[in-house]
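Contents: one structure, followed by commentary.
Because the structure is a prediction, the values reported are computed rather than measured.
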Amino acid sequence: MRTLQGAVATKRTDVSEQLLRIEGMSKAFPGVQALSNVGLDLNAGEVHAVVGENGAGKSTLMKVLAGIYEKDTGTIYMDGKPVEIDSPVTAQSLGISIIHQELALMPDLTIAENIYIGREKRKWFGLFVDNKDLNRRVKDLFERLGISLDPRTKVANLLVAQQQVVEIAKALSFNARVLIMDEPTAALTESETEALFGMIRDLKARSTGILYISHRMEELKAISDRITVLRDGHYIDTLDTAETDLREIISLMVGREIKGETRPEVTTGTRPVMLRVEGISTKSLLKDVSFELKKGEILGFAGLMGAGRTEVARVICGADKADSGEIYLNGEHVHIHNPADAARLGIGYLSEDRKRYGLMLEQDVNFNILISSLTDYVNVVGLVRDEQGRKTSTRYVDSLSIKTPSIRQRTDNLSGGNQQKIVISKWLAKDCDILIFDEPTRGIDVGAKEEIYALLNGLAEQGKAIIMISSELPEVLRMAHRIVVMCEGRVTGILDNSEADQELIMDYATRAGAHGGIAT
């Protein structure tokens, strides 16, 4: 096993195939050494996976290659020749394109305008964009990629998964020789992921080299040729995927043992009902949605993309309006008109899109943790008690193992997984009795997942009532006491964990229009 920091693994012997090589790369931010003497190479027609826990340096490495960050030390080679990448434009001119983990689209522009922004054909002496030509080019691109979206649609009207597809198409539109994919399947369904893998195999056949970041271990076996492990900004090892046990990869990533799959043992049958939803319907999707959430229970929501899981959560927290139906808290009928009403009633919602709805990225860690509970830190004359607030923030940074040099660090300088922990801290600081977690481990590595799982179980043991929406069925089965399954806006099944398995959940998740015979 090779563990020299900065070493470059080159198991393939034909150097002429090598597109990209990195030697001795380091990058520091205020208070954080993100990369330290890291090495990596990429061959033509190869998918090279880069893995590690949140904060390991994966995204920083990719952003240096994409020209977003400037390296402190090290050398980058393309086709064996040293190059300097000082901007995204330079990276693109060298044939390097990136698909970001966090969506970077402009919501008020159309799909076509986002994909070819700055590269549009113009008419009338360059005064106007030729929208007909623009939409035709995107339509041709989508046909080659098997994407069924209207190029004229505004990005603001797309689901998260559809926005991810647009990001992928945008990156591929540059005809990249080196394509960087940072968690490209995080918001995709199983069928969409398979379609993406088909695109990747086509790109490999055309000698494109792909650097692939993913926390989903099963994806690595399916799509990668080699795997490089980073930990705490250091190079650890590079292994051939076909010869590697994924447990070994996980061990290298986290430096500790990861527990096996478990299922909740505690039954919740006699516990009091904290939340009851009756007959919630919306004109756009939801149809007569009803369920109960009990004290100390983790209630999982499963279903395919577009089933209505997130829409239910948004109605409960007041972000969307229901056309009919009732909500009861501890047996009392309540009216929730907006998220502020929900927060006052003790309901916290952690959106699947933390960047848009969960955080103020330009603010520091302390501000984001306290934002939902600031009134708790104001004295009788209206002054904020800073010291007490800082103590609260520090407590959650420590208890959730948030990797930050201080609570005064800007949130946008932290990794995606640590940003997710800050969103969780925000609602824990508010001390909500009901917590709705929408894809709580999306984009989070295996080690951090264990921490989130332990946190959710601990909250349930304290008597919190938790709704957990997840697209990963093994995660739902591991965590949820009961599972609500949805299809096309309806609840098609409510299953006890003891009777549920992936096949049964998928059976209910594909029962379009079914609304009778629900298992309880």
Can you tell me how far the CD1 atom of Ile407 sits from the CG atom of Leu370, to the nearest 0.5 Å?
8.0 Å
Across all chains, not counting sequence neighbours, the side-chain contact (heavy atoms from CB on, under 4.5 Å) partners of Ala454 are none
Got Pro339 and Tyr349 here, is their nearest side-chain heavy-atom distance under 4.5 Å?
no
Going by the rule salt bridge (Lys or Arg N to Asp or Glu O under 4.0 Å), which residues pair with Asp140 if we only count those two or more places apart in sequence or in a different chain?
Arg136
Scanning both residues in full, the closest heavy-atom pair of Ala169 with Leu141 reads O-CD2, 3.6 Å
Can you confirm whether Phe367 sits close enough to Ser393 that some side-chain heavy atom of one is under 4.5 Å from a side-chain heavy atom of the other?
no
Closest approach of Pro440 to Ile452 (non-hydrogen atoms, all atoms of both residues)
CB-CG2, 4.5 Å
Decide if atom CD of Glu70 counts as having more than 12 heavy atoms of other residues, nucleotides or ligands within a radius under 6.0 Å.
no
Taking all non-hydrogen atoms of both residues into account, name the closest pair between Ala66 and Ile85 and its distance.
C-CG2, 4.3 Å
Out of curiosity, Ile298 CD1 to Ile466 CD1, how far, rounded to the nearest 0.5 Å?
4.5 Å
Side chains of Thr404 and Gln409: is there a donor and an acceptor less than 3.5 Å apart?
no
With heavy-atom distances below 4.5 Å as the criterion, would you say the side chains of His481 and Asn497 are in contact?
no
Can you check salt bridge (charged side-chain N to carboxylate O under 4.0 Å, His left out) on Arg478 and Glu450, steps first, answer last?
CA-CA 11 Å; Arg478 173 172 179 172; Glu450 293 294 323; 3.0 Å; yes
Side chain to side chain contact (heavy atoms under 4.5 Å, CB included) partner of Ile180, chosen from Ile96, Ile99, Val50:
Ile96
Under a 3.5 Å distance rule, please check whether His48 uses its side chain to pair with a backbone N or O of Asp41 as donor and acceptor.
yes
Are Leu65 and Leu211 side-chain neighbours, meaning at least one heavy-atom pair lies under 4.5 Å?
yes
Please walk me through it: do Ile469 and Val312 pass side chain to side chain contact (heavy atoms under 4.5 Å, CB included)?
CA-CA 10 Å; Ile469 301 168; Val312 171; over 6 Å; no
Would you say that Ile505 contacts Leu477 through its side chain, given a criterion of any heavy-atom pair below 4.5 Å between the two side chains?
yes
Is it true that, when you exclude Lys391 itself, more than 12 heavy atoms of the residues, nucleotides or ligands shown sit nearer than 6.0 Å to its NZ?
no
Ser471 and Glu439: side-chain donor and acceptor closer than 3.5 Å?
yes
Side-chain donor/acceptor of Lys58 to backbone N/O of Gly52, under 3.5 Å:
yes
Taking Leu252's backbone N and O only, do any of them form a donor-acceptor pair with Arg231's side chain (distance below 3.5 Å, no angle check)?
yes
Checking the side chain of Asp364 only, and the main-chain atoms of Asn366 only, is there a donor and an acceptor separated by less than 3.5 Å?
yes
State, to 0.1 Å, how close Ala176 and Ser97 come at their nearest heavy-atom pair, and which atoms those are.
CB-CB, 3.6 Å
Between the side chain of Asn418 and the main-chain N/O of Lys403, is any donor-acceptor distance below 3.5 Å?
yes
After noting the C-alpha distance and the side-chain angles of Lys81 and Asp79, does the key distance pass the salt bridge (charged side-chain N to carboxylate O under 4.0 Å, His left out) rule?
CA-CA 6 Å; Lys81 300 176 181 179; Asp79 300 314; over 6 Å; no
Donor-acceptor pair, distance only, cut-off 3.5 Å: does the side chain of Asp182 make one with the backbone of Ile213?
no
Where do Tyr453 and Thr441 land on the side chain to side chain contact (heavy atoms under 4.5 Å, CB included) test, with the steps shown first?
CA-CA 9 Å; Tyr453 294 157; Thr441 64; 3.9 Å; yes
Nearest 0.5 Å, what's the CG-CD1 distance between Asn157 and Ile111?
9.5 Å
Distance-only, no hydrogens or angles: does the Ser207 side chain make a donor-acceptor pair with backbone N or O of Ala44 under 3.5 Å?
no
Take atom NZ of Lys204 as the centre, draw a 6.0 Å sphere, and report whether it contains more than 12 heavy atoms from other residues, nucleotides or ligands.
yes
Which value, rounded to the nearest 0.5 Å, describes the distance between Arg309 atom CZ and Asp438 atom CG?
7.5 Å
Flag the pair Tyr235 / Asn37 as yes when at least one side-chain heavy-atom distance between them is below 4.5 Å, and no otherwise.
no
Donor-acceptor contact below 3.5 Å, side chain Thr241 vs main chain Asp225:
yes
First locate atom CG of Leu19, then atom CG of Leu42, and finally report the distance between them rounded to the nearest 0.5 Å.
5.5 Å
If we ignore angles and hydrogens, is there a donor and acceptor under 3.5 Å between the side chains of Gln18 and Tyr77?
no
Minimal non-hydrogen separation, Ser214 against Glu219, with atom names:
OG-OE1, 2.9 Å
Kindly indicate whether the side chain of Arg177, heavy atoms from C-beta on, has any atom under 4.5 Å from the side chain of Met78.
yes
Ser26 side chain to Asp72 main-chain N or O, any donor-acceptor pair under 3.5 Å?
no
Qualifying residue, where the test is side chain to side chain contact (heavy atoms under 4.5 Å, CB included) with Ile436 and the options are Ile467, Leu299, Thr310:
Ile467
Among Leu40, Val38, Thr75, Val64, side chain to side chain contact (heavy atoms under 4.5 Å, CB included) partner for Ile22
Leu40
Which heavy atom of Ala91 sits nearest a heavy atom of Gly67, and at what distance?
CB-N, 4.3 Å
Side-chain heavy-atom pair Arg408, Arg390 within 4.5 angstrom cut-off
yes
Flag if over 12 foreign heavy atoms under 6.0 Å of CD, Gln363
yes
Between CD1 of Ile424 and CG of Leu435, what distance do you get to the nearest 0.5 Å?
9.5 Å
Yes or no on side chain to side chain contact (heavy atoms under 4.5 Å, CB included) for Leu459 and Leu428, after CA distance, side-chain angles and deciding distance?
CA-CA 9 Å; Leu459 292 171; Leu428 295 182; 3.5 Å; yes
Side chain to side chain contact (heavy atoms under 4.5 Å, CB included) evaluation trace for Val155 with Gln162:
CA-CA 9 Å; Val155 166; Gln162 293 171 323; over 6 Å; no
All salt bridge (Lys or Arg N to Asp or Glu O under 4.0 Å) counterparts of Asp320, not counting sequence neighbours:
Arg314
With a 3.5 Å distance limit and no angle check, can you tell me whether Ser93 reaches the backbone of Thr90 through a side-chain donor-acceptor pair?
yes
Take Glu113 and Lys154 through the salt bridge (charged side-chain N to carboxylate O under 4.0 Å, His left out) test and state the conclusion after the steps.
CA-CA 9 Å; Glu113 289 167 340; Lys154 278 194 174 184; over 6 Å; no
